[in-house]
Amino acid sequence: MIRVENLTKYYGEHLAVDSISFNVKKGEIVGLLGPNGAGKTTTMRILTGFMMPTSGDAWVAECNMATNSLEGRRHIGYLPEAIPLYTDVTVRSYLDFAGRLRGLDPYRIKDRIDDVVEICHLEDYIDVLIGKLSRGFRQRVGVAQAIIHEPEVMILDEPTLGIDPIQVTQTRRLIKELGQEHTILISSHILPEVSMVCDRVVIIHEGQIVAEDRIENLSTILKGSQSIRLEVRGPTSAVTRRLQRVQGISQVRYEKPYHIVECPVDQDPRSNLMTAIVQSGWTLLSMGTVDMSLEDIFLQLTGEEDFDDDEELEE
Amino acid sequence: MKNTMLIALKEFKSYLTSPMAYVIACVFLVLYGSLFIWYLEDTQYSDTSINGYLDIWGNLVLMLFAAVLAMRLIAEEKKLGTWELLLTAPLRDTEVVLGKFLGSLGMLVSMLALTLYFPLLLRVFGIPDGGPILTGYLGLFLLGATSLAIGLFASSVTSNQIVAAVVAGGMLAILYFIGIAGDAIGGAAGNILSYISLYSHFSAFVTGIIDTRAIIYFLSITALFLFLTIRSIETSRWS
């Protein structure tokens with residue numbers, strides 16, 4: 001349903017997307033994962049016809065988005081990163097406009113509004129001005145406008161950005177439900193986010209694809225080791241040397257004020273670490289496991305050592 | 001056509017639901033009313049039409065308000081993020097631009113229509129000369145349409161409404177006053193400057209002349225700026 005071939009986009013001198021290729025098959029939910037500034041939004045904007053690529057091709061529902069964009073856009077439901085809402089109209093009249101804009105038959109619009117309002121749980125807010133809705137509800141209205149014309153393909157750019165955890169869960173459930181009937185491409189910079197709803201992930205970094213695989217496969221690659229973070233009161237270098245001798249520890253590094261210890265994922269050396277510290281006469285102030293962050297994943301996938309200096313990164 | 005009307009209606013409705021538009025329309029009417037009274041006083045009630053004030057201040061006020069009405073057309077959508085909704089919907093850029101233009105033209109014409117009670121007042125208390133009043137309004141309509149097209153173009157190059165209004169105001173002022181510069185210079189260069197001036201084409205209408213050259217001039221400038229707006233949107237897709 002979505003086919004991207006050698007897609008490249010320059011903003012002036014800046015290379016935003018560097019010759020990426022991937023496919024999304026009918027009925028699949030695919031996650032586009034990457035840190036901020038990786039080129040996710042640019043890729044989606046090209047796929048939806050908002051922008052033209054510098055070179056390469058993007059097909060949606062067999063329409064080339066550079067040459068046959070108008071036809072292609074009929075098949076797409078798009079939720080941009082900034083939810084496109086008019087604040088001075090009610091939810092109903094906004095959805096009515098969005099439906100007509102997508103060429104929905106006027107006599108079907110009323111039924112479709114009822115449908116999407118039910119799907120997105122907006123029944124109580126249908127006659128409320130959008131400007132008075134909270135971010136979470138606005139986001140649901142955003143999803144509603146994307147599905148009102150029953151598109152075959154849905155493109156959702158960071159759909160859970162800036163909403164509270166309960167709403168994130170609801171949104172995830174909604175996306176999963178929608179995934180039963182639609183082909184979905186969803187972007188995020190949070191790994192657990194996409195791993196929960198997607199069949200497959202495409203990881204991009206600095207405009208290039210660094211990994212593309214099914215979630216299960218990716219997890220096994222990534223779960224090679226785990227990290228434990230310790231805060232120890234004691235002489236730093238001596239503590240480092242002592243921790244390295246603890247059984248099952250593959251690596252120790254010091255990031256002020258923590259010692260980060262890495263070990264294979266099937267071991268739990270925490271009691272050994274505790275014993276070693278106490279026996280040496282130091283004080284253990286805190287200890288906890290560290291979830292693998294997106295940076296760590298990129299470190300593993302790209303082998304870049306200076307990744308921490310990258311200013312574009314959040315999370 | 002259906003899509004153009006959809007956008008035009010949406011624009012027109014959004015003026016009617018926005019308090020800002022009512023403030024703008026209200027100030028416009030107050031200004032036009034003041035000008036009307038001032039002109040009647042000034043001419044000792046001797047003129048049989050209202051065209052004197054249209055020729056001096058009415059046209060400037062109209063251009064200013066057209067620029068203010070047009071400033072939000074695209075800039076606001078960019079700020080709200082809804083521009084992405086419009087440009088990813090199955091609509092041609094031309095349909096979006098024409099729709100926005102027609103919607104704002106509808107608002108401007110409504111505002112102008114509300115000033116029609118001045119000639120009606122004249123009719124109650126005297127015998128005004130209907131012809132020049134009608135051609136004067138035709139001139140206002142054409143000038144307004146041109147100003148809106150220029151304002152729409154200005155709105156398409158920025159996401160800041162104030163910047164859009166200032167840019168539009170600047171372009172309109174240059175196009176308006178360039179005729180005065182042309183008259184001062186004289187010669188062939190002066191004639192050319194006078195020819196592209198908005199003012200020199202408008203003034204014929206208030207004297208009751210329907211000059212087809214002027215009509216073609218206003219329609220051409222309008223079409224030119226609508227075309228430039230479409231190109232500006234296309235450029236933004238490629239850059």
Heavy atoms, side chains only, cut-off 4.5 Å: are A:L101 and B:N3 in contact? no
Go through the atoms of A:L79 and report whether side chain, backbone, both or neither lie under 4.5 Å from a heavy atom of chain B. neither
Closest non-hydrogen atom pair, B:W83 against A:F50: O-CE1, 4.1 Å
One option among B:T17, B:T82, B:L86 has the most heavy-atom pairs under 4.5 Å with chain A, and it is B:T82
Just checking B:L114: does its CG atom have more than 12 heavy atoms from other residues, nucleotides or ligands closer to it than 6.0 angstrom? yes
Rounded at 0.5 Å granularity, tell me how far OG1 in B:T88 sits from CE in A:M65. 8.5 Å
Considering only heavy atoms from C-beta outward, does the side chain of A:R45 approach that of B:L87 to under 4.5 Å? no
Does the side chain of A:F97 come within less than 4.5 Å of B:L6's, by heavy atoms? yes
Heavy-atom distance under 4.5 Å between the side chains of A:R102 and B:P90, does that happen here? yes
Is the NZ atom of B:K78 crowded by more than 12 outside heavy atoms at less than 6.0 Å? yes
Under 4.5 Å from any heavy atom of chain B - which part of A:Q145: side chain
Can you tell me which portion of B:E234 sits under 4.5 Å from chain A's heavy atoms? Options are side chain, backbone, both or neither. neither
Please determine, among A:D88, A:V89, A:T48, the option with the most heavy-atom pairs under 4.5 Å with chain B. A:T48
Note, A:Y86 side chain near B:E77 side chain (heavy atom, < 4.5 Å): yes
Does A:F22 CZ have over 12 foreign heavy atoms under 6.0 Å away? yes
If you count the non-hydrogen atoms of other residues, nucleotides and ligands that lie under 6.0 Å from CZ in A:R135, is the total more than 12? yes
With rounding to the nearest 0.5 angstrom, report the CG to CD distance, A:D157 to B:E84. 7.5 Å
Between A:L85 and chain B, with a heavy-atom cut-off of 4.5 Å, which part of the residue counts as in contact: side chain, backbone, both or neither? backbone
Heavy-atom pairs under 4.5 Å with chain B are the metric here; pick the option from A:G72, A:A82, A:P80 that has the most. A:P80
Determine whether a donor-acceptor pair (N or O, by modelled atom type, separation under 3.5 Å) exists between the side chain of A:R73 and the backbone of B:A89. yes
Flag yes if more than 12 heavy atoms outside B:F227 fall under 6.0 Å of its CZ atom; otherwise flag no. no
Under a 4.5 Å heavy-atom cut-off, does chain A meet the side chain of B:S239, its backbone, both or neither? backbone
Is the count of non-hydrogen atoms from other residues, nucleotides or ligands lying under 6.0 Å from A:E5 atom CD greater than 12? yes
Measuring only between side-chain heavy atoms, which start at C-beta, is A:Y94 closer than 4.5 Å to B:L85? yes
From A:M51 atom CE to B:R237 atom CZ, the distance as rounded to the nearest 0.5 Å: 10.0 Å
Contact origin within A:Y78 toward chain B - heavy atom pairs under 4.5 Å: side chain
How far apart are the closest heavy atoms of A:P84 and B:G81, and which atoms are they? CB-O, 3.3 Å
